[in-house]
Every structure is written in structure tokens, then in C-alpha cells.
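Since the model is a prediction, treat every value here as computed from it, not as a measurement. Naming convention: chains lettered A, B, ... in sequence-line order (proteins, then strands); numbering from 1 in each chain.
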Amino acid sequence: MDTRFFTTWIEGIAKAVAENREHLTALDAAIGDADHGANLDRGFTAVREALAAAPPDSPGKALTLTGTTLIRKVGGASGPLYGTAFRQMGSVLGSAPDVTPSDLATALEAAVAGVRKLGGATEGDKTLLDALAPAAGALRRAVQNGTKTEDALDAALTAAREGARATIPLQARKGRASYLGERSIGHEDPGAASTVLILAALRDAAGG
Amino acid sequence: MDTRFFTTWIEGIAKAVAENREHLTALDAAIGDADHGANLDRGFTAVREALAAAPPDSPGKALTLTGTTLIRKVGGASGPLYGTAFRQMGSVLGSAPDVTPSDLATALEAAVAGVRKLGGATEGDKTLLDALAPAAGALRRAVQNGTKTEDALDAALTAAREGARATIPLQARKGRASYLGERSIGHEDPGAASTVLILAALRDAAGG
Amino acid sequence: MKKLINDPEHVVTEALAGMAEAHPGLRVDLENKVIFRRSAPSPGKVGLVSGGGSGHEPLHGGFVGYGMLDAACPGEVFTSPVPDQIIEATKGVDGGAGVLHIVKNYTGDVLNFEMAAELCAEEGVEVASVLVNDDVAVKDSLYTAGRRGTGATVFVEKIAGALAETGASLAEVAKTGEEVNARSRSFGVALSPCTVPAAGRPTFELGPSEVELGIGIHGEPGRTRAPIAPARELARVAMDAVHTDMPLSGDCLVMVNGMGGTPLAELYIVFAEVAAYLREKGATPARSLVGNYVTSLEMRGFSVTVCRLTDDLTRLWDAPVETPALRWGR
Amino acid sequence: MKKLINDPEHVVTEALAGMAEAHPGLRVDLENKVIFRRSAPSPGKVGLVSGGGSGHEPLHGGFVGYGMLDAACPGEVFTSPVPDQIIEATKGVDGGAGVLHIVKNYTGDVLNFEMAAELCAEEGVEVASVLVNDDVAVKDSLYTAGRRGTGATVFVEKIAGALAETGASLAEVAKTGEEVNARSRSFGVALSPCTVPAAGRPTFELGPSEVELGIGIHGEPGRTRAPIAPARELARVAMDAVHTDMPLSGDCLVMVNGMGGTPLAELYIVFAEVAAYLREKGATPARSLVGNYVTSLEMRGFSVTVCRLTDDLTRLWDAPVETPALRWGR
Ligand SMILES: Nc1ncnc2c1ncn2[C@@H]1O[C@H](COP(=O)(O)OP(=O)(O)O)[C@@H](O)[C@H]1O
Ligand SMILES: Nc1ncnc2c1ncn2[C@@H]1O[C@H](COP(=O)(O)OP(=O)(O)O)[C@@H](O)[C@H]1O
Ligand SMILES: [Mg+2]
Ligand SMILES: [Mg+2]
Ligand SMILES: [Mg+2]
Ligand SMILES: [Mg+2]
């Protein structure tokens, strides 16, 4: 997977976020403050501009620039968290021109670790971690089993989807939704939903 | 017509105003500030209490007490205007124990003059004067023709009703409705409507 | 109707009780419904009394204090006070130099204040009055009730109040109050109606994309209805109305006033447009107020009031004031 | 959605432009979205920076000025500011004595302020922070995000700001800020939801006779829904929640805060009940604020915040302050 692959991925996220802006905001209205769609759309619009202004010459740089831009433009909880996730991936991948599926799994694991450390959440707290961590795990397992890239990314996407769906019955313990106590039960976590978009764009970038 | 007649009249007004409170307020909402019903209800409730606390011993005193109480309790435009109307009637009737239909016509004319002087309105300005002035005129004519009291008061009531209805197509030139300019057209003046209630109660007090 | 009240009949008295608790500098006569400066009367100083219907808070009670009013008489919601209240207030603030009534031009306010003034005069209190009629949404004519008094009331109360603190005479204070009114114009726009507690439902209905132009401060309908437009355009509609009536020039005192339910950020957006408009006309927004000063219960919208300042008026505006809603210099 | 805006994307910047026009005592950096005291930095004085999502005006920008904040960083509506803004603000107010960040306890605010603080520290600016978490509607627990920061923010900003003016050290100012927070509790009630401009529709729906209890300041739903009740009862629900968490006693600083859309008279009615409640418990409403201080756009409702004062805190509260939204003593 080359730089082109990663910029395609990020472009794909930007497109998906723009298209799903209202949906993410509606999810956030139910158990948060109705800005998740606007936040990510603002962030990824800026990411697009940043990538166009200074086209990166390695996957790692593309991801780091994405992370830095998210931190600089999003605000809210999701800005630092997703920003850190992308920056961690970028830092794992360094300046290597090509990325193996195993490298990508390592990068996603680093993203998970970064989010966990920064936000202090664990799985089951009803956050984006509930989609991101299973996705990273599924990718690692698929890679270890020698699954081909498209299928490995399919597995990661499926795991993210299931993880996001599984946030519905949970009571939130982190983020804004936690203020609702039991009333947070019965709603999908908006961050988990946007993580699914990110994984879907990753799968799409692989084509096939 | 004795003191009893006049207290019956005033009690009748109080009852009619309470029953039509919402209606008067709705008329005032359309071209004013939605308080005419509340204003008069507050005023005549206080009048009832004042009459009970110090039962007057002449028609004139009953009317003066009514007027003074309205001035003291209503506020708004209608408080001073109706207050003055009743005080003028009281002052015309003095402390005579009995009132002839002709005295009553004189009293109503004094009320009209008082309202005209205080508020500066003339007929056609879309105010309570448009009901009160024709009522006074009709009563005077009926009395001059020797009509019997019930019928004379009927004539006054009919004139008030027609006067109030005739305010509908008018553009207001006085009071709060005047701020609406042309938009005041097409609505009955709330003060004219309450004047009709006052004349109807007067007619009812005469029985028959 | 959802409101933070206990009973529509007791809104005014209960709110007064809260004011009394919150502001030790005030003395609130709950029985007569008058809000006094605790120190009133000030011997030798002209007393300033204003009042009008409730529902416009902080007007007038929030402007009682040093450098502004000596007393305020709140009527029922959107209903002028009764003469008794005004008499009580007037006598209570008479420090021997006479009392100025600041009256907004509504038939009810005018009549009740006039009645009170007559009775006070009979009892030997010298009373003068200033009539505020700044609302250009209403056509001015000798044959109508004339223009409403709205935002300029705050300017008149502040500036006349500052002059009274200097020991000026009743005639001088009245004259300056009239000058402020003569140099001031207002125009209002509503995005939503308001609900009088005793009426229980909104005074008018507005569609989801309609606004009322030329709204007053009593939830009364405006002169025309228009589709919602960007703040920039609504600000220009208001400023055009003001400028047409009174060409803008020189240093101006500008108030962008919320109607009670408008977020402050929106008022600042409007203010930015108003300031730009003034500059275009060669005038300067030299002093300003942005916030809720003359409200219509929970109405959403704004009004803009402009006063063309003179050096004297600017000095009086800048003079210290210490009231619940306006305070600087002490 | 009817709002006095030009474009949902530009609400924050255009409102900042209006603030810059209205308040000559402020210097507004429109590019970085930071509101500075015009005189910042003050050499030798600890700098105070706060910030958070917009939509809570006058918080925080309205509290920039003498005796309170040195700078505020407004994020998008209901969205924490980004680290760049906070860094810009922090560096801009560092007068050599270090900078205090006053942060409301929301994941986004905490993370963005932390990132900024780290980067500032790397550049040699000493930064301490006070976390405000006063909202008793949220259960406190080590395993959750903890309590929200709401009304107490105003108290922390004012009191820490007053102490900083005396030349106190960063550690002292931070300690006092923490003390104010520790002695303060809040609870909020909503009568209506609010609409984030970029979202275009209300965050939640409330029936015509429902209220949300335990509402936050971001239009987020509360903990329970209840039928509308008299102001007296709603005030007691709020005060019971406060008192259960922190038994009330002694002199208290009390804020009855509108959420942006509540008429002032209604807030005074609530305040009267709150004051009565305090007296019942043997406490005294020694100082108070009644009005819109920490809003949620055009939301209707109220929140009450109580701080149990000490003599020192009272003195600092009474000290002069000169900001757009809070001003006395100068
Ligand atoms: N401590 C945390 N750890 C991981 N993810 C979190 C945490 N707090 C919040 N989130 C995620 O952030 C999402 C909300 O993002 P967003 O709405 O953009 O920010 P905000 O909550 O500040 O408005 C939540 O749905 C959740 O997935
Ligand atoms: N100048 C006037 N002369 C005669 N009647 C008037 C005048 N101004 C107003 N009114 C009457 O008063 C009525 C309104 O009374 P009310 O609603 O109680 O007072 P307000 O207008 O102060 O709210 C109007 O409908 C009109 O009939
Ligand atoms: Mg959110
Ligand atoms: Mg009326
Ligand atoms: Mg009225
Ligand atoms: Mg947010």
C-alpha cells in the first residue's frame, strides 16, 4: 500500500463524513451535543486542503498530516482523539514508501493505544474505541492468517460495524453521553459510527 | 332607577367581563397586547370587592366608587378611560337616590365627553368611543321620544353593538392598535367590545 | 404555556420579591409595587421616576440606582402602572427639587402618569415629564397615538439620571431628557412572538421562516411580515428605517437590544452589521450597549436604537452609574 | 431554524467581530479566535485563560477584563477550542508569572487544553490548570468522565481573577480556583431545547408541558423528564440536589442563571425561592447574580449555582471587576 492508497483512503473518509454529516450529528443529538458531524466534516475538509497544499510523499506523512490537521481544526473530544489516532499511525509508519498489511495492523493498534491513553476509556465505555479496537484486532488476526488484503480489511470493517452496533445497549461511561446515565442506553455512539465510516473508506481504498 | 339597580348593573358587568375575559384578550391579541380581558377582569373584581366593603347609598356614589376603583386597579389605557367614564356618570348623578332615564342619558353623555377629553379620540378612531357614543346618543333619542326604559336601553345596546361591529373595517388612529397601521383593519376593537358588555349588563339590569 | 412562574396573577409581585433579595441597594415596596433606591429621597436632587408594564425587564426596575432612576413602578405584564403606584413613587423620591416622570408614549402610560402627576401637583410636588417616542416603525402623526417609546428610554433614563446627580434643576433635567429622545430612533424585528402569562398563549403566530418587522415591545404584531433573511439584511432594514427618519452622522450611542430570548452571540453579529452601516454613513458607533435591556418576555429578535451624541450627552453617558442592569464607574 | 446569523459556518467569527466593535477594552484576534484584554500581557501578573465551546455567551469572552480573565478562546458552537487557539491565548497573556487555564470538565475541553498546556510548557510557559466540575446532576465516579463544569466557572474566573490582580503566585491562584470549585455546586432545568446553528434543528424535543431536569449547558438531554411544575417546585428540585451533595450553610454566593431564553422576571421569581430555601437551611444568600451568565443559545430554563463563601472568597468576589458582562468597583 503506497502513498496514493493512503491519500485515497483519507479522501474517502472526507467524502463519507460529508455525506453522513447529518446522520452523525443526529446520533450526537440523541446522547450528546449535536456537533459530531459538523466537527468531523470541518476537520476532514481541512485535511483535504492540507493534503492538496502539501502533498505528502509517504503513507506515514499523509497520516501524520491528517492527524495534526484534525487536532488543529476539529476541537471537541473527537479532534484530539482522532487526531492522535492518525498521528500514532503516521509515527508507526515513519517515512517508508510502502506499507504491508502487517504494518497497517501495527499502525491501527498504535491508534487504539493512543486513543486509550489520551481518553482513558476502555472497551465497553461506549466510545469510538468500541469500533476501533475490534477493527484493529480483526485486522491483526486476518493478517496473521495470511488473508488477502481486501478480505483482511473486510474483516476489520465488519468488526468495526459490529462493535459500533454493540454500543447501542451500553450505558456510556466516557464522553458527553455519560452525563445521561441510563438514558444513554439504546443509542449508537456517534464516534463509533464515524469509526465505521473510516474503516469502510479503508476497505474501499483497497478496491476489488 | 335606584342604588340597587346600579349595583345590579355593575355586578352584571363584572360577571360578563369574567365570562368574556378570554374573548376580550383574544381581540386585544390581534391588534394590541393581549391584556384587555385580564385588565377589566382585575378591575371589576376589585370593584365588586369595593362595593361589598362599602355599600354605596346612592347611584352616583356607586358609579364614582366604580370609576375610582377602575383607575386604581386596572392600569393600561382602559383603566383611566373607563374609570373616568364611571366617575363622570357618578358626578352627574350626585347623591340623588333615584335616577330617571333622562338623568341616565345625561350621565352617559358625560361619560362620552370624559373619555373624549381624556383620550383625545373622536368617533371613527376605532376605540371604545365608537360603541359608547352611539349608545349615549340612542339612549337620549329614545328618552326624548318617551320610549319606555327597557326599550330605551335596548336601543342603546343595539347602537353599541352596531358601533362595535363598525370598528372592524376601520384603521385605528388611537391606542395601541394604531401602531399596526393598515393591519389594524379587519378586527373588532377590544374596548368597543367591552363597552357592548357594559351596555348589555345595563339592559339586563332593567329586567323585563 | 411553560414559564418559571407560580401563578400568572402573582408574577409581578413575586419577581419584585426576588429583586429585593438580589439587590441590597434597592428598597422594594411590595404592597405598592414600587422599586426605590434604598437611599431615596436624595435631598436637593431631582427625583427620577419611570414605569410601565412589566415584561420588559431589566427596564425599569433594573435601572434604579445611583446615576439613573430613583424609583420605578412596574404595572402588570404589558399593562401600565396605576396612578397610585406612580404617586407613591413620586412622593417617595421627592427630595424637594421636584420629580421627573419618564414616560413611554403609550396611551395607558401617558394617561396613568398624567393622572398621577396632577394629584401629586395638588399635593405640592413639582412634577415634569419627558415623553419617549423613538420607534420609527410607527408613523408619526398629529391624529394618532404617535410613536411608541422603546429603546431610547434607557438612554433618557441614564443621561437624565446622570444630570440629576450633578444637582441640575428639574427644568434642566427634563430638557436634557427631551433632547436625548429627540436625537434617538429605534426599530425592532421579531423572530418569535411572546406569551403574556395571564393570556396563556402567544400574542401572534409566526411561520417557521417568517419575521415581523417593526415590532414593538409588547408582543404586539409589527407593521409587516417578511421572510427570514440573513442578520446582515435584517440589520440593514432596521438601520435604513432609522437613517431615513434621522440621517445618521457624528458620534452615536448605539444599542442592539435582545427582546429577551435572543442569544448574545446573535446580537453581536447584528451589532457588527450596525456598526458597519454607521461607518458607511459617515457616523461612528462611539458608545454601545449589546444585550437584553428592553425586553418583551421571551421574544426572540432584536431592536436597534441610535442616539446622535453631543459632547455633553457623551459625558453624561460616561458618568458613573450603579444599578442592577447598568453599572460602571463605581 | 430562525436565527440572527448570516451563515452557520461563520457564527463565531462574526460574533467576535461584533464584540471587538462593542468593547474597546478588548483586543480580538479574529484569525486565531482569541479575545484578549487590550492590555495583555500584564507583566508580573498570573495570566488567566479560559475557553470552551461557543453558545454560552457571555461565558467566556464576556468575562475578559480587569479582575477576571486575560483571554478567552471560543470554539465552534458547543465544541471545545482547538489547541492552537489556547496556545495563542496562553502565550499572549504570559507576563512572566505563568498562566492559569480554567477548564470545564468536558472530555473535549480537557483534552484540547492538555495538549495546549504541554506544548506551552515545552516552549517555557509555566501553566497550571483548574478543572471546574460543579454539576450535581451528573453522578461523580472515578470510572466516568465525571461531573460537568457549568455555573461555577463564573465564580472561579471572578475569584481567581481578583486574586491574580493582587500579584499572587500561579500556585496560589490555582489553589484558590480549586477551592472555589470545591465549594460550589450547580443544577439546571430546561423548559425548551436549543438549536445548534450547524445542526439546524433542536437537540431534543420537549412536550408542551414537559421539562428536562439536570440539563447541562450544551443542549444535551438531562437525566430525567418531568411534567412542568410551579417555579417554586422546580427551584426546590434544583436546591435539593445541591444541598444533598453539599449541605448548605453560612454565607453563600448564589447565581440564578438563565439559559439564554428566559425572561429576567422569571429568574427573579426563581431567585426568591432559592433565597427562601437557603434561609430554611440556615444559610444566607450573601451575594448573588441573577441573569444570563452561562447560556445554551436560546434555551429556556435556569440553573442555580451555590458557592459556600469564606471571608477571603467574599473579599475577592467583592473586588473590582471590569468586563463586558460583570462590572463593579470601577
Ligand atoms: N474519553 C473518550 N475516549 C474515547 N472516545 C471518546 C471519549 N470521549 C468521547 N469520545 C468519543 O467522541 C465522540 C464525540 O465526539 P464529538 O461529538 O465530536 O465531541 P464532543 O463530545 O466534544 O462534542 C463520542 O461519540 C465518543 O465516541
Ligand atoms: N385614546 C383613546 N381613547 C379612547 N379609547 C381608547 C384610547 N386608547 C385606547 N382606547 C381603548 O382601550 C382599549 C385597550 O384597552 P387595554 O387593552 O385594556 O389597554 P392597553 O391598550 O393599554 O393594553 C382599546 O381597544 C380602545 O378601545
Ligand atoms: Mg458532540
Ligand atoms: Mg391591551
Ligand atoms: Mg396593555
Ligand atoms: Mg461538542
Side-chain angles (χ1 to χ4, degrees), chain B residues 21-22 24-43 45-46 68-84 87 115 117-122 124-128 171-184 187 191, chain C residues 8-9 51-55 73-87 106-116 135 137-139 141 143-148 193-205 214-225 296:
Chain B
R21 180 186 159 121
E22 309 286 300
L24 294 175
T25 291
L27 290 177
D28 197 26
I31 55 171
D33 59 350
D35 64 356
H36 191 54
N39 285 348
L40 290 192
D41 193 20
R42 184 174 60 251
T45 301
T68 306
T69 307
L70 291 177
I71 290 174
R72 298 189 52 186
K73 296 294 174 181
V74 174
S78 58
L81 289 166
Y82 274 132
T84 298
R87 280 175 57 87
V115 168
K117 174 146 183 273
L118 184 64
T122 53
D125 283 354
K126 195 174 183 126
T127 71
L128 59 88
Q171 174 167 340
R173 279 193 300 256
K174 279 286 180 308
R176 213 172 269 288
S178 67
Y179 307 142
L180 273 79
E182 292 181 359
R183 284 175 100 192
S184 64
H187 300 274
Chain C
E9 306 284 308
S54 292
C73 341
E76 290 301 310
V77 174
F78 292 170
T79 301
S80 335
V82 295
D84 286 7
Q85 284 176 273
I86 304 168
I87 293 166
Y106 298 96
T107 307
D109 289 24
V110 170
L111 297 182
N112 286 285
F113 268 95
E114 267 175 15
M115 287 192 162
D135 187 353
V138 174
K139 273 214 199 83
S141 152
Y143 307 101
T144 67
R147 287 182 166 167
R148 293 179 285 227
C194 60
T195 299
V196 176
R201 68 175 99 96
T203 307
F204 57 88
E205 306 271 340
I215 194 81
I217 57 171
H218 295 87
E220 64 268 52
R223 282 188 81 86
T224 45
R225 196 158 283 198
S296 300

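Here the side chain of C:Ser54 pairs no donor or acceptor atom with the backbone of C:Val77 at under 3.5 angstrom.
The residue among B:Gly76, B:Gly83, B:Ala29, B:Gly79 with the most heavy atom pairs within less than 4.5 Å of chain C is B:Gly76. Interface remark: of the candidates C:Val138, C:Asp84, C:Val110, C:Asp84 forms the most heavy-atom pairs closer than 4.5 Å to chain B. Contact count against chain C (heavy-atom pairs under 4.5 Å) is highest for B:Val74 among B:Asp125, B:Val74, B:Asp41. Ranked by heavy-atom pairs shorter than 4.5 Å toward chain B, the options C:Pro193, C:Pro8, C:Gly75, C:Gly222 are led by C:Gly222. For the set B:Gly37, B:Gly175, B:Gly75, the count of heavy-atom pairs under 4.5 angstrom toward chain C peaks at B:Gly75. The residue among C:Pro83, C:Ala145, C:Ala137 with the most heavy atom pairs within less than 4.5 Å of chain B is C:Ala145.
With a 4.5 Å cut-off on non-hydrogen atoms, C:Gln85 does not touch chain B at all. In this structure, chain C has a heavy atom under 4.5 Å from the backbone of B:Ala30, while its side chain stays farther away. Contact of B:Thr84 with chain C is made through the side chain alone, with heavy-atom distances under 4.5 Å. Of the atoms belonging to B:Ala38, it is side-chain heavy atoms, and not backbone ones, that fall under 4.5 Å from chain C. C:Asn112 touches chain B through backbone and side chain together, each having a heavy atom under 4.5 Å away.
Considering only residues two or more places apart in sequence or on other chains, B:Arg183 meets the salt bridge (Lys or Arg N to Asp or Glu O under 4.0 Å) condition with C:Glu212.
Using a 3.5 Å distance cut-off with no hydrogens or angles, the side chains of B:Arg87 and B:Thr68 do pair a donor with an acceptor.
C:Arg148 forms no cation-pi arrangement with C:Tyr106, by the criterion of a distance under 6.0 Å to the ring centre and an angle within 45° of the ring axis.
Residue B:Arg72 qualifies as open at atom CZ: its count of foreign heavy atoms under 6.0 Å is 12 or below.
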Give every donor-acceptor pair under 3.5 Å between a side-chain atom in residues 195-204 of chain C and any protein atom, sequence neighbours left out.
residue, atom, partner, partner atom, Å
C:Thr203, OG1, C:Cys194, O, 3.3

Discussion item. Between C:Phe78 and C:Ile217, does the side-chain contact (heavy atoms from CB on, under 4.5 Å) criterion hold? Intermediate values first, please.
Written reply: CA-CA 9 Å; C:Phe78 292 170; C:Ile217 57 171; over 6 Å; no
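Here C:Asp135 does not pair with C:Arg147 in a salt bridge; the nearest charged N to carboxylate O distance is not below 4.0 Å.
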